Amino acid sequence: TNNANNTTTNNANNTTTNNANNATTNNANNTVEPPAHACIVNGFTTTCDDPEPKINNAWHSGVALNNNKNVGCPSGDNLITMDETYEGVMCHTEPGDWFRLGAVHCDTRTFFVEVTLTPKTECDPSLVNLKVNGYDCDHERAFCPEMEGGAKRIILRFPAPTHGVVFALYFGVEAGELEDSRLGVQFEYDLQVRAY
């Protein structure tokens, strides 16, 4: 039987279903079923065109943001801000996409860095992860508001006075793990980074 979902049925114990993402799951009845979410793909047949260089798969090799310019206060309390959005693809063949942002503490003012990850492919929120190296949502300088549509946000607070201290922040986009190792998680996303 063929229909709009390209489903082929041979018998009750041997069914094959292919969808746009070519995901494959086998169970005890030898059935290949469609994925629960568009971001779950067949790990053997799905390709991925990653616009980011392959070198950013780990935090220590994060791609520099903001044209490699520091945010915060490189001089006194003269705050350098930013608000940029980067488009990316989390490929099922890579461990993560990592980015780096340099920052400098201000003399007497507090500044904030806010990172928002918005998946553009429908996906279970547990399979879309935003990480900041050295910070999590329980950190005293971090706040993670609830978001809709599977988006994730973390706001970091950098109080004064620790003037002149230069540091780097590393942001990572990672996919959650699936029980079936033959499947992978792949999604397009926007990563918005603001300093204010």
Side-chain angles (χ1 to χ4, degrees), residues 3-8 15-28 31-59 61-63 65 83-101 113-139 142-156 169-194:
N3 61 22
N5 293 322
N6 295 323
T7 302
T8 303
T15 302
T16 303
T17 302
N18 292 319
N19 68 5
N21 293 314
N22 298 321
T24 303
T25 304
N26 291 318
N27 63 22
T31 302
V32 181
E33 300 174 351
H37 300 278
C39 66
I40 300 176
V41 299
N42 184 319
F44 292 95
T45 61
T46 303
T47 59
C48 184
D49 295 322
D50 185 0
E52 292 294 336
K54 296 295 183 184
I55 59 171
N56 72 330
N57 289 337
W59 72 267
S61 57
V63 173
L65 301 179
D83 186 350
E84 295 184 12
T85 299
Y86 305 88
E87 294 182 339
V89 179
M90 181 66 234
C91 293
H92 71 93
T93 55
E94 61 183 348
D97 287 344
W98 283 85
F99 305 88
R100 175 176 49 85
L101 178 65
V113 174
E114 177 182 302
V115 184
T116 304
L117 169 63
T118 305
K120 297 193 284 188
T121 306
E122 185 265 333
C123 201
D124 186 308
S126 67
L127 298 176
V128 178
N129 297 318
L130 171 62
K131 296 188 175 182
V132 181
N133 203 31
Y135 297 89
D136 60 23
C137 294
D138 294 327
H139 194 283
F143 173 62
C144 301
E146 289 189 20
M147 305 288 290
E148 295 182 0
K152 308 281 176 84
R153 175 176 291 160
I154 185 168
I155 303 170
L156 303 173
L169 294 168
Y170 295 89
F171 312 110
V173 177
E174 294 186 344
E177 295 184 9
L178 299 171
E179 290 184 16
D180 190 338
S181 62
R182 292 166 294 187
L183 301 178
V185 178
Q186 181 167 295
F187 54 87
E188 296 182 7
Y189 64 86
D190 287 335
L191 185 72
Q192 181 187 32
V193 181
R194 299 176 60 217

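Predicted model, so just to flag it, every value in this text is computed and none were measured.
Listed for the Lys152 side chain is no donor-acceptor partner under 3.5 Å among the backbone atoms of Val173. Using a distance-only test at 3.5 Å, with no hydrogens or angles considered, no donor-acceptor pair links the side chain of Thr121 to the main chain of Cys39. Under a 3.5 Å cut-off, the side chain of Lys120 and the backbone N or O of Asp190 do not form any donor-acceptor pair. Remark: side-chain polar atoms of Glu174 are not paired, donor with acceptor, to backbone N or O of Gly96 under 3.5 angstrom. Put simply, the side chain of His92 gets close to the backbone of Thr46: a donor and an acceptor are under 3.5 Å apart.
One finds the SG atom of Cys123 at 13.5 Å from the OH atom of Tyr189 (value rounded to the nearest 0.5 Å). In this structure, OG1 on Thr118 lies 11.5 Å from CD on Glu87, to the nearest 0.5 angstrom. With values rounded to the nearest 0.5 angstrom, Met90 atom CE is found 10.5 Å from Leu117 atom CG. To the nearest 0.5 Å, atoms CG (Asn56) and CZ (Phe99) are separated by 5.5 Å.
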Under the side-chain contact (heavy atoms from CB on, under 4.5 Å) criterion, do Arg182 and Phe44 qualify, and how do the steps go? CA-CA 7 Å; Arg182 292 166 294 187; Phe44 292 95; 3.6 Å; yes

Residue pair Val132, Leu156: steps toward the side-chain contact (heavy atoms from CB on, under 4.5 Å) verdict: CA-CA 10 Å; Val132 181; Leu156 303 173; 3.9 Å; yes

Can you list the steps and then say if Leu191 with Val115 is a side-chain contact (heavy atoms from CB on, under 4.5 Å)? CA-CA 7 Å; Leu191 185 72; Val115 184; 3.6 Å; yes

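Contact of the Cys91 side chain with the Thr93 side chain is registered, since non-hydrogen atoms from C-beta on lie closer than 4.5 Å. In this structure, the side chains of Leu127 and Leu178 come closer than 4.5 Å at one or more pairs of heavy atoms. Residues Phe171 and Val113 have side chains in contact (heavy-atom distance under 4.5 Å, counting atoms from C-beta outward). In this structure, the side chains of Leu169 and Tyr135 come closer than 4.5 Å at one or more pairs of heavy atoms. Using a 4.5 Å heavy-atom cutoff, the side chains of Phe143 and Ile154 are not in contact. For the pair Phe187 and Val128, the minimum side-chain heavy-atom distance is below 4.5 Å. Side-chain contact between Val41 and Val185 is absent, with no heavy-atom pair separated by less than 4.5 Å.
Under a cut-off of 6.0 angstrom, the local environment of NZ in Lys131 is sparse, with at most 12 non-hydrogen atoms contributed by other residues, nucleotides or ligands.
Across all their heavy atoms, Cys48 and Gln186 have their closest contact at CB-OE1, 3.2 Å. The two residues Gly149 and Pro119 make their nearest non-hydrogen contact at O-CG, 4.2 Å.
In this structure Trp59 satisfies the ring-ring contact (aromatic ring centres under 6.0 Å, His included) test together with Tyr170, sequence neighbours excluded. In terms of the side-chain contact (heavy atoms from CB on, under 4.5 Å) criterion, residue partners of Glu114 (sequence neighbours excluded) are, by chain and number, Thr116, Arg153, Ile155, Arg194, Tyr196.
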